[in-house]
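Worksheet: the structure to be examined is printed underneath.
Order of the sequence lines fixes the chain letters, A, B, ..., with proteins taken first and strands second; residue numbering starts at 1 for each chain. Because only heavy atoms are used, hydrogens play no part in the values below, and waters and symmetry mates are left out as well, while side chains stay in.
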Amino acid sequence: MRLYNTATRKLDELPAPPGPIRMYFCGPTVYQRIHVGNARPFIVSMWLKRWLEHQGYDVTLVENITDINDKIYAAAPGNSAQFAADASEWYIEDTGDLGLGRPDHEPKATETVPEIVALIEELIQLDLAYPAGGDVYFRVDRYPEYGVLSGRLDEDSARNPSEEEEQSSLKESPRDFALWKGHKEGEDTSWESPWGAGRPGWHIECSAMAEKHLGPVFEIHGGGLDLVFPHHENEIAQSRGAGREFAQLWMHNGILRFGGEKMSKSLGNVITLRDALGEWGPETLLMLFLGAHWRKPMDYTDETLAAAKARADGLREVFRNPSEPGGSWGELAAALDDDFNTPEALAVMHDWRDHDLLRRGLELFGLGSLAEQEEAPAELDELAQRRATARADGDFHEADRLRKEIEAGGWEVRDVAGDSGYRLVPKA
RNA sequence: GGCGCCGUGGCCGAGUGGUUAGGCAGAGGCCUGCAAAGCCUCGUACACCAGUUCGAUUCUGGUCGGCGCCUCCA
């Protein structure tokens, strides 16, 4: 199996099964319900985990929850800890409703503070970090490799000017970034550290969590394309700077667009995953993601959703018709082993009429429900029987009337060859 | 301005140096009491301009356009 690696800018071969394949994906910062765009790395990582396990790999997937952040303090002044805990649960609920299962570990920043502090101390000893006024900063100039992942090796293009005004003066260089932030007025949580009370910076938590659950070297690190710089660049600096081999292959999923722009919390052009699930259901949403390659940008529009739904309905239809032999699992495997090409895999599955084969393929992506047949309510079935009788008697007027009645109940009658002569199908 | 990604038929979306992607929508046909479903047929697409080549949608360069990152961001 090969996957595109941001770090090498080419397709890289994975080790042969059983691996192991240790994967770390960056999860969301929980200060509101996650949106559909946030769901993409979750979906991609869970699908990949399922596929690799199917191929006989020993997979460990870690997906973190960032529950320490300025936005969390801002969202729930005085009650941030409880709020972050609640918002974490929302995330678990919403992604759980996709029906893809869960990562093996979902660590939170708040549960990893000792490991974070230890890593920062190590970096200070290596002269790669320095305390300043209750904060601790990474000394980018001491890490010559800084910028290799994102191609920002020159100082001008690789600065980190984001820190708050009052803190920026504490930095030796504008490129430096915070590993630890001293406690500030209005923040209702803080942790003890050798540098006083405070909290971890954003990037360091991932370095610490990845190592805690996967060890100093692991096969795959993933996340949204928008995390390449500075987040993943900083993770590399921290972990490799501290002597860990860290991630071998970097997967960055394409951005989800809405209204022509990136769907993002700061822009506010957001559809929550919860609302999307409520309006379209998991099958349609999964079909939408399945139809676009994981690295490509993708548009979330009524048109693309409607097409995804039609596609799901079309596949569901296959199970209402007789199973026919043809097709092979190998076609699907070839598509997925080539940079996890799910659109290609979907095209392959569209050719399959073999129920068992297609069910297996769909189950891989959490779409096994498309193979399930629904039983019509008894009263509608009775109407359908009466209609069959009316048809047999040549009373087509009555037959059409009964069909309309059945349709009013949300079902559709189809005349088919076979014992009963009809079939009831839920209206799409 | 810097770094990077992308531009495929009505729409979505794979892929390839010369041979069918697939789906959705649409047209016609078969079937059907009428439908639905199914099946068959139909669209000769690859932003533009050069170049390399026997031949480019696929390689190279440029132009135009879109998007992302450079600030929190999946």
Which atoms of nucleotides 38-43 of chain B (N or O only) lie under 3.5 Å from a protein N or O atom, and what are those distances?
unit_1 : atom_1 : unit_2   : atom_2 : d
B:C39  : OP1    : A:Arg353 : NH1    : 3.1

**Non-neighbouring partners of A:Ser190 that pass side-chain hydrogen bond (donor to acceptor under 3.5 Å, both in side chains), sequence neighbours left out** = none
**Asked** With A:Trp47, which residues qualify under ring pair (Phe, Tyr, Trp, His ring centres under 6.0 Å), at least two apart?
**Response** A:Phe365
**Prompt:** In residues 379-392 of chain A, what residues come within less than 4.0 Å of RNA chain B, judged by heavy atoms?
**Reply:** A:Arg387, A:Arg391
Would you be so kind as to tabulate the donor-acceptor pairs closer than 3.5 Å made by side chains of residues 327-343 of chain A, with sequence neighbours excluded?
unit_1   : atom_1 : unit_2   : atom_2 : d
A:Glu331 : OE2    : A:Ser328 : N      : 2.6
A:Glu331 : OE2    : A:Trp352 : NE1    : 3.4
A:Asp337 : OD1    : A:Trp51  : NE1    : 3.1
A:Asp338 : OD1    : A:Arg2   : NE     : 3.2
A:Asp338 : OD1    : A:Arg2   : NH2    : 3.1
A:Asp339 : OD1    : A:Tyr4   : N      : 2.8
A:Asp339 : OD2    : A:His293 : NE2    : 3.3
A:Asp339 : OD2    : A:Arg295 : NE     : 3.2
A:Asp339 : OD2    : A:Arg295 : NH2    : 2.5
A:Asn341 : OD1    : A:Glu344 : N      : 3.1
A:Thr342 : OG1    : A:Leu290 : O      : 2.9

**Item:** Contacting residues from residues 92-108 of chain A, given that a heavy atom lies under 4.0 angstrom of RNA chain B
**Value:** none
**Item:** Stretch residues 252-272 of chain A: residues that reach within less than 4.0 Å of RNA chain B through a heavy atom
**Value:** A:Asn253, A:Gly254, A:Ile255, A:Leu256, A:Arg257, A:Gly260, A:Glu261, A:Lys262, A:Met263, A:Ser264, A:Lys265, A:Ser266
Identify each donor-acceptor pair in which a side-chain atom of residues 268-278 of chain A lies under 3.5 Å from a protein atom, sequence neighbours left out, and give them as a table.
unit_1   : atom_1 : unit_2   : atom_2 : d
A:Asn269 : OD1    : A:Ser264 : N      : 3.1
A:Asn269 : ND2    : A:Phe258 : O      : 3.2
A:Asn269 : ND2    : A:Lys262 : O      : 3.0
A:Thr272 : OG1    : A:Asp275 : N      : 3.0
A:Thr272 : OG1    : A:Asp275 : OD2    : 3.2

**Message:** According to side-chain hydrogen bond (donor to acceptor under 3.5 Å, both in side chains), does anything in residues 72-88 of chain A pair up with another residue at least two apart or in another chain? List the pairs.
**Reply:** A:Tyr73-A:Thr189, A:Ser80-A:Asp188, A:Gln82-A:Asp86
Pull out every protein N or O sitting under 3.5 Å from an N or O of nucleotides 10-12 of chain B, one pair per line with the distance.
none

**Item:** Close approaches to RNA chain B from residues 324-351 of chain A, in residue order (heavy atom, under 4.0 Å)
**Value:** A:Asn341, A:Pro343, A:Glu344, A:Ala347, A:His350
**Asked** Starting at the 5' end of RNA chain B, what dot-bracket string do you get if Watson-Crick and G-U pairs under 3.5 Å are bracketed, crossing pairs use [ ], other-strand pairs use | and unpaired bases use dots?
**Response** (((((((..(((.....[...))).(((((.......)))))....(((((..]....))))))))))))....
